[in-house]
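Naming: A, B, ... by sequence-line order, numbering from 1 per chain.
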Amino acid sequence: MRLSRYFLPLLKETPAEAQIVSHRLMLRAGLIRQEAAGIYAWLPLGIRVLNKIKEIVHEEMNRAGAIEILMPTLQSADLWRESGRYEAYGKEMLRIKDRHDRELLYGPTNEEMVTEIFRGYVRSYKSLPLNLYHTQWKFRDEVRPRFGVMRGREFLMKDAYSFDIDKEAARKSYNRMYVAYLRTFARMGLKSIPMRAETGPIGGDLSHEFIVLADTGESQVFCHSDLLDMPIPGEDTDFDGDLEPIIKSRTDLYAATEDVHDQDRFEAEVPEGKRLSARGIEVGQVFYFGTKYSAPMKAVVAGPDGKEVPVEMGSYGIGVSRLVGAIIEASHDEAGIIWPEPVAPFDVALINLKSGDAATDAACEDIYARLTKAGVEVLYDDTDERPGAKFASMELIGIPHQLIVGPRGLKAGVVEVKNRATGAKEELSMDAAVNRFAPA
RNA sequence: CGGGGCGUGGCGCAGCCUGGUAGCGCAUCUGCUUUGGGAGCAGAGGGUCGCGUGUUCGAAUCACGCCGCCCCGACCA
């Protein structure tokens, strides 16, 4: 992409309304624009990041055996009356009427709808286990939206729903999502820690929140510090196999959000030097809720004995739009964002230090063409801004690698490659620089 | 929903207390010079001062109402 033809509205000054660093940087780097309280438009750079995050989430969902669908944003109020949640849900639910005065709502979640879909087709235990997921915009009319996309009213969420014949099978489905989440967040460069969370009226130990540590996090969390450095299950993980050892290696160590924190247990189970008390951002949650929806909504399947039983369900959410903010909270410096490579909006920033200089232009065009042809995503700054302004902009938007080309270097036969995260600079020949990102 | 604050060119702000023809920085446009870490000079364009009502000879400024947004708290992915 040529910057001169792109739409990248950067802000030199910090908008007054943004308090936390991720919100400030998202506005300054031209990722989002606020349209109303807690409602944002995604600008070109922002949507690229959002899509990359979504893609990683989907890859890991698919790997774990979940199947993508897409449910609508608007739902019928009658559906929610079946579960009793239409009345139970408070003012957070945005309620709408259509031209015929039919009651609708903008979905804050999709348990009812996915249960309705399931019961319309599935009759036998032989069709199980089943896990359906989608990524869709949700709306929760928060009293007080804040922190940009970290706590918006409209937000993009991946939610998966598992269906099983009994609790034992449901636990296996739960484990698959748990492991998939470990992989998902790690792939984005995040250290996530699963923590015990409120389970609601169902009880049991089958609910975890996945927390990313950050000073600006909204929850106070407590855990064993060894959880920060646990190995991430590999790509070759057998999701049909026994995942219990992976789960157990983590659940054996204390980890809880403040809702369920027990200070006495914390001190008893965790050696003093390993006690970690910090702020955290919740980026995902896994939850087993049994027949909470299937029973009232009559989503039943026949078991091997021919008897119909309500299906056992769980739900598994990931805050996709929130993750953009969470990643920035975890990865930035004074100059701006530092994108982990897998979610970066572009792979390489090509900086032409002197647009208009024939040799420099030609070198840049050549590099741009070769990298683009090799499938490398390049943002080429071909504008006639001054070098200082170009450097500052690229630091702000945080593309992982900068390829800097100027007349001075070209005379010596070199271009410069700079790593955004470390600041390390290398001088390479043009060919070597191209090969760095697009090995022949 | 309780408490606090703010709405003035695209962005950041001053002006308001003490009413009298709306200003600064950045950005934008034109020209010239400049070009390896947010350039200089000269010129130009751009504002229903959030909306409404009232007070006044006169309102960005005073009063009342409304709307929007932000912050603290309670609540949530």
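Comparing B:rU21 with B:rA60, their P atoms sit 10 Å apart, to the nearest whole Å. Across the P atoms, B:rA42 and B:rU53 are found 44 Å apart, a figure rounded to whole Å. A distance of about 13 Å separates the P atoms of B:rG2 and B:rC66, rounded to the whole Å. Taking atom C1' in both B:rG36 and B:rU28, the straight-line distance is 27 Å, to the nearest Å. With both ends at atom C1', the span from B:rU8 to B:rC69 equals 15 Å, rounded to whole Å. Nucleotides B:rG4 and B:rA77 place their C1' atoms 28 Å apart, quoted to the nearest Å. Rounded to the nearest Å, the gap between the C1' atom of B:rU34 and that of B:rU61 is 45 Å. If you take atom P in B:rC49 and the same atom in B:rA22, they sit 10 Å apart, rounded to whole Å.
The side chain of A:K354 places no N or O atom within less than 4.0 Å of a non-bridging phosphate oxygen (OP1 or OP2) of B:rU35. Between A:R140 and B:rC76 there is no side-chain N or O to OP1 or OP2 distance below 4.0 Å. Contact check, A:R386 against B:rG38: no side-chain N or O comes under 4.0 Å of OP1 or OP2. Dashed line: the shortest gap from a side-chain N or O of A:K91 to OP1 or OP2 of B:rC1 is under 4.0 Å. The shortest distance between the side-chain N/O atoms of A:Q34 and the OP1/OP2 oxygens of B:rG68 is not below 4.0 Å.
Regarding A:L94, its CG atom lies at a distance of 17 Å from the C1' atom of B:rA77, rounded to whole Å. Residue A:I39 contributes atom CD1, which lies 12 Å from atom P of B:rG68 at whole-angstrom precision. Here B:rG68 presents its P atom at 15 Å from CD of A:E35, a figure rounded to the nearest Å. The distance from atom CZ of A:R24 to atom C1' of B:rG12 is 14 Å, rounded to the nearest whole Å. Taking atom CZ of A:R322 as the reference point, atom C1' of B:rC76 lies 8 Å away to the nearest angstrom. One can place CZ of A:R146 at 8 Å from C1' of B:rG73, the figure rounded to the nearest angstrom. Between A:E282 atom CD and B:rC75 atom P the separation is 15 Å, expressed in whole Å. Following rounding to the nearest Å, A:Y181 (OH) and B:rA77 (P) show an atom-to-atom distance of 13 Å.
Below 30°, between 30° and 60°, or above 60°: for A:H261 and A:F222 the angle between ring planes is below 30°, a parallel geometry.
Remark: B:rG31 base-pairs with B:rC41; criterion is Watson-Crick or G-U wobble with both hydrogen-bond distances under 3.5 Å. Both distances falling under 3.5 Å, in either a Watson-Crick or a G-U wobble arrangement, occur for no nucleotide opposite B:rG46. Figure legend. B:rG73 is base-paired to B:rC1; pairs are counted as Watson-Crick or G-U wobble with both atom distances under 3.5 Å. Pairing for B:rG52 goes to B:rC64, judged as Watson-Crick or G-U wobble with the two contacts each under 3.5 Å.
When distances are taken from the side chain of A:A389 to each of B:rG38, B:rU35, B:rG12, the shortest belongs to B:rG38.
Contact annotation for A:K418: base contact, defined as any heavy-atom pair under 4.0 Å involving a base atom. Using a 4.0 Å heavy-atom criterion, one finds that A:G152 contacts the bases of the nucleic acid, with or without backbone contacts as well. Across all strands shown, A:L11 has no heavy atoms under 4.0 Å from either base or sugar-phosphate atoms. Across all strands, A:G409 comes closer than 4.0 Å to base atoms (heavy-atom distances).
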ring-ring contact (aromatic ring centres under 6.0 Å, His included) between A:Y288 and A:Y174, worked out: CA-CA 7 Å; A:Y288 163 77; A:Y174 181 92; 7.6 Å; no

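Checked options A:K158, A:H58, A:E55; the residue passing with A:T135 is A:H58 (criterion: side-chain hydrogen bond (donor to acceptor under 3.5 Å, both in side chains)).
Between A:E427 and A:M150, the one whose closest nucleotide on RNA chain B sits nearer the 5' end is A:E427. Take the nearest nucleotide of RNA chain B for A:A37 and for A:E92: the residue whose nucleotide is more 5' is A:A37.
A donor-acceptor contact under 3.5 Å is formed by the side chain of A:E13 with the base of B:rG25. Remark: the A:R151 side chain and the B:rC75 base include a donor-acceptor N/O pair separated by less than 3.5 Å.
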